[in-house]
Undergrad: 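Can you keep this structure in mind? I'll have questions shortly.
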Amino acid sequence: QKEVEQDPGPLSVPEGAIVSLNCTYSNSAFQYFMWYRQYSRKGPELLMYTYSSGNKEDGRFTAQVDKSSKYISLFIRDSQPSDSATYLCARPKGQNFVFGPGTRLSVLP
Amino acid sequence: EPEVTQTPSHQVTQMGQEVILRCVPISNHLYFYWYRQILGQKVEFLVSFYNNEISEKSEIFDDQFSVERPDGSNFTLKIRSTKLEDSAMYFCASSEGTGNTGELFFGEGSRLTVL
């Protein structure tokens with residue numbers, strides 16, 4: 001049973017669009033989730049984390065957790081070409097972290 | 001801004017050779033990790049290290065892998081006898097805490113190519 005699943009994409013959008021990236025998870029006990037951004041041939045970097053249900057906003061980025069449907073979303077407003085990257089959702093597991101396969105996003109100028 | 005540094009950035013080796021990948025975690029962090037990413041695939045956990053010992057390891061981390069913190073700053077991953085399927089990007093990461101209290105900081109990665 002996969003723990004965190006994502007549509008791998010690629011997802012292409014025009015500059016300025018609102019982007020919605022999604023993950024599903026298998027266990028309703030999971031409460032803490034993270035979104036990482038990974039540029040090509042670079043290490044992942046933490047964008048934001050969210051705990052339990054609800055929204056968390058940071059600039060153009062909003063993370064949302066829907067526990068009833070076991071769905072995690074990342075919204076990017078006013079997307080820029082510099083947002084082109086792979087977005088990974090993750091959750092803690094014991095002393096480490098489990099990553100989804102990532103969704104590749106291209107924002108076209 | 002403090003960062004995790006990794007060397008080498010790229011290493012090419014022959015199958016069966018030993019490889020050591022080096023990492024300098026962020027200085028006040030207590031937890032250290034190695035992850036790997038085969039080209040086009042997901043980031044996979046290999047091992048976590050705390051208080052000078054392995055705290056958790058995955059099925060991938062078999063007897064050919066080992067980790068060491070030889071001094072107060074370096075954290076190394078050794079692959080004893082490399083196989084073709086070890087070709088991947090290896091990421092070192094560190095964090096102050098784990099789970100809900102830990103944010104992972106990754107290095108830029110070491111690309112290993114086994115011929």
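So you know, we letter chains A, B, ... as the sequences are listed, proteins then strands, and number each from 1. Here the structure is a predicted model, which is why all the values come from computation and not from measurement.
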Undergrad: So which part of B:E44 gets closer than 4.5 Å to some heavy atom of chain A, the side chain, the backbone, both or neither?
TA: neither

Undergrad: Please classify the contact of A:Q6 with chain B as side chain, backbone, both or neither, using a heavy-atom distance under 4.5 Å.
TA: neither

Undergrad: Give the cluster check for B:L46 versus A:F99: same hydrophobic cluster or not, with ILVMFWY residues linked at side-chain heavy-atom distances below 4.5 Å.
TA: no

Undergrad: In terms of hydrophobic clusters joined by side-chain contacts under 4.5 Å, are A:W35 and A:V98 together?
TA: no

Undergrad: Taking atom OH of A:Y49 and atom CG of B:L104, what is their separation to the nearest 0.5 Å?
TA: 13.5 Å

Undergrad: If you count the non-hydrogen atoms of other residues, nucleotides and ligands that lie under 6.0 Å from CZ in A:R41, is the total more than 12?
TA: no

Undergrad: Mind checking the CD-CE spacing from B:E103 to A:M48? Nearest 0.5 Å is all I need.
TA: 12.0 Å

Undergrad: What residues form a salt bridge (Lys or Arg N to Asp or Glu O under 4.0 Å) with A:R91, not counting sequence neighbours?
TA: A:E3

Undergrad: Just verifying a value: how many Å separate B:F105 CZ and A:E45 CD, rounded to the nearest 0.5 Å?
TA: 10.5 Å

Undergrad: What residue, out of A:G102, A:P44, A:G43, A:P101, has the most heavy-atom pairs lying under 4.5 Å from chain B?
TA: A:P44

Undergrad: Same cluster for B:Y90 and B:I54 if Ile/Leu/Val/Met/Phe/Trp/Tyr side chains link at under 4.5 Å?
TA: yes

Undergrad: Can you tell me how far apart OG (B:S58) and NZ (A:K93) are? Round to the nearest 0.5 Å.
TA: 9.5 Å

Undergrad: Flag yes if B:V114 and B:L77 sit in one hydrophobic cluster, no otherwise; membership is Ile, Leu, Val, Met, Phe, Trp, Tyr, and two members link when side-chain heavy atoms are under 4.5 Å apart.
TA: yes

Undergrad: Please answer: with hydrophobic residues joined when any side-chain heavy atoms are less than 4.5 Å apart, are A:V13 and A:I76 in the same cluster?
TA: yes

Undergrad: Is it the side chain or the backbone of B:E56 that comes within 4.5 Å of chain A heavy atoms, both, or neither?
TA: side chain

Undergrad: In terms of heavy-atom contacts, does CD of B:E59 have more than 12 from other residues, nucleotides or ligands at under 6.0 Å?
TA: no

Undergrad: Find the distance between OG1 (A:T86) and NZ (B:K42) and round it off to the nearest 0.5 Å.
TA: 14.0 Å

Undergrad: State, to 0.1 Å, how close B:Y35 and A:N96 come at their nearest heavy-atom pair, and which atoms those are.
TA: OH-CB, 3.9 Å

Undergrad: If you look at every heavy atom in A:F97 and B:Y33, which pair is closest and at what distance?
TA: CE1-OH, 3.8 Å

Undergrad: Compare every heavy atom of A:Q38 with every heavy atom of B:F91, then report the nearest pair and how far apart it is.
TA: CZ-NE2, 3.6 Å

